[in-house]
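The structure appears right after this line, and notes come after that.
Bear in mind the structure is a predicted one, so any value in this text is a computation, not a measurement. Just so it is clear: chains get the letters A, B, ... in the order the sequence lines come, proteins before strands, and each one is counted from 1.
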Protein chains: 2
Amino acid sequence: MDINEASSMLAALAQSTRLQAFRLLVGHEPGGLPAGDIARKLGIPQNTSSTHLAILVNAGLAGSTRNGRSITYRANLDRFRELNLYLLKDCCNGRAEICAPLIAALTPCCAATPA
Amino acid sequence: MDINEASSMLAALAQSTRLQAFRLLVGHEPGGLPAGDIARKLGIPQNTSSTHLAILVNAGLAGSTRNGRSITYRANLDRFRELNLYLLKDCCNGRAEICAPLIAALTPCCAATPA
DNA sequence: TTCATATATCGGCTATTCTTGATACATGGA
DNA sequence: TCCATGTATCAAGAATAGCCGATATATGAA
């Protein structure tokens, strides 16, 4: 993950319709959603939705597989996690006091396996 | 933090020069950096840098205080943490298995106070 | 093959963003 | 007050992004 990949992913998410689309996909993991359903749920024209989805895919934030006539989109959570790590790595390097509160805020809802 | 604030923050970071500037600021917490130093370190004209910094400030990702003739910029880490929480909240809601690996990857470098 | 359905791509338009030279504003020193 | 320094704003051109009607492509059914 270099700065250009990160920029591309951030740009893909830096548009409210696409961010909504991504959140929608995350919420439908691991099953995914057909392109048509996404456009309908977002209330936007089919081709606009298709363009946005292509941008998410191009940034590596989503993937698609054909299912008969429809094409199912899924969020790429690993890639999303990499982006978050990239963003957070900076403040962690030698300055744990900065990121610790984030982990603290995240832990209750994620409840990683208790030691 | 609503979707429009998040979009604005993501858009602010979705440009490699600004992302570099923000990383630079994060790396100089808590002291901050004068505007001139930022432009020099990034190797860009002073006015370009000023515009980018204004965008970071407008998105809430940075703040500035005057120090004599120069103006010192600082990263707003609380705000940055809120953005990350917003992005990660979705995958945590009822699906800890998605975010747990992120916490696991983050913990070693952040080393929150051990229980 | 023909038709219907699901999605992608094209074309052109508008709006926004990025960049930078020129210039204005603010501060400190003499 | 006058000048030097540090930073912000203006203006304008180039590039990019977003939108959507029209159309193309791909699949499945008859």
Side-chain angles (χ1 to χ4, degrees), chain A residues 3-25 28 31-76, chain B residues 3-25 28 31-76:
Chain A
I3 195 168
N4 292 311
E5 287 180 276
S7 292
S8 154
M9 294 177 75
L10 287 167
L13 296 176
Q15 208 270 342
S16 53
T17 303
R18 277 198 300 266
L19 184 51
Q20 282 184 273
F22 183 71
R23 288 163 67 92
L24 194 60
L25 290 180
H28 280 80
L33 270 184
D37 289 9
I38 297 171
R40 267 186 298 278
K41 293 210 183 213
L42 296 180
I44 59 178
Q46 172 267 321
N47 55 356
T48 301
S49 177
S50 176
T51 301
H52 283 315
L53 290 171
I55 290 172
L56 287 175
V57 170
N58 195 263
L61 285 166
S64 64
T65 45
R66 182 174 280 277
N67 253 19
R69 266 186 277 207
S70 77
I71 295 185
T72 297
Y73 281 85
R74 282 192 56 188
N76 186 340
Chain B
I3 194 167
N4 292 311
E5 288 179 276
S7 292
S8 153
M9 295 177 75
L10 287 168
L13 296 176
Q15 207 270 341
S16 54
T17 303
R18 278 198 300 265
L19 185 51
Q20 280 183 274
F22 183 71
R23 289 164 68 94
L24 193 60
L25 290 180
H28 281 79
L33 270 184
D37 290 8
I38 297 172
R40 267 185 297 280
K41 294 209 183 214
L42 296 180
I44 58 178
Q46 172 267 323
N47 56 355
T48 301
S49 176
S50 176
T51 301
H52 284 313
L53 289 170
I55 290 173
L56 286 175
V57 170
N58 195 264
L61 285 166
S64 64
T65 45
R66 182 173 280 278
N67 253 18
R69 266 186 276 209
S70 76
I71 296 184
T72 297
Y73 281 84
R74 282 192 56 190
N76 186 338

Whole-Å gap separating [atom2] ([N]) and [atom1] ([X]):
X     : N      : atom1 : atom2 : answer
A/Q15 : C/dA15 : CD    : P     : 16 Å
B/D37 : D/dG6  : CG    : C1'   : 11 Å
B/N67 : C/dA26 : CG    : C1'   : 14 Å
A/N47 : C/dC10 : CG    : P     : 13 Å
B/L56 : D/dA8  : CG    : P     : 12 Å
A/R66 : D/dT25 : CZ    : C1'   : 9 Å
A/L19 : D/dG18 : CG    : C1'   : 16 Å
A/I71 : C/dT9  : CD1   : P     : 9 Å

Within less than 4.0 Å of OP1 or OP2 of [N], is there a side-chain N or O belonging to [X]?
X     : N      : result
A/H52 : D/dA17 : no
A/Q46 : D/dG21 : no
B/R18 : C/dT17 : no

Please check if the side chain of [X] supplies one atom and the backbone of [Y] the other of a donor-acceptor pair under 3.5 Å.
X     : Y     : value
B/T51 : B/N47 : yes
B/T48 : B/I44 : no
A/R40 : A/A35 : no

**Complete:** Walking DNA chain D from its 5' end, the first of B/Y73 and A/R69 to be reached, judged by nearest nucleotide, is B/Y73
**Prompt:** With a non-hydrogen cut-off below 4.0 angstrom, is A/T48 in contact with a base, only sugar-phosphate, or nothing?
**Reply:** base
**Item:** Sugar-phosphate only, base, or nothing, as touched by A/S50 at under 4.0 Å among non-hydrogen atoms
**Value:** base
**Item:** For B/L25 against B/R74, the heavy-atom pair lying closest together
**Value:** CD1-C, 4.3 Å
**Prompt:** Distance from A/L53 atom CG to A/R18 atom CZ, nearest 0.5 Å?
**Reply:** 10.0 Å
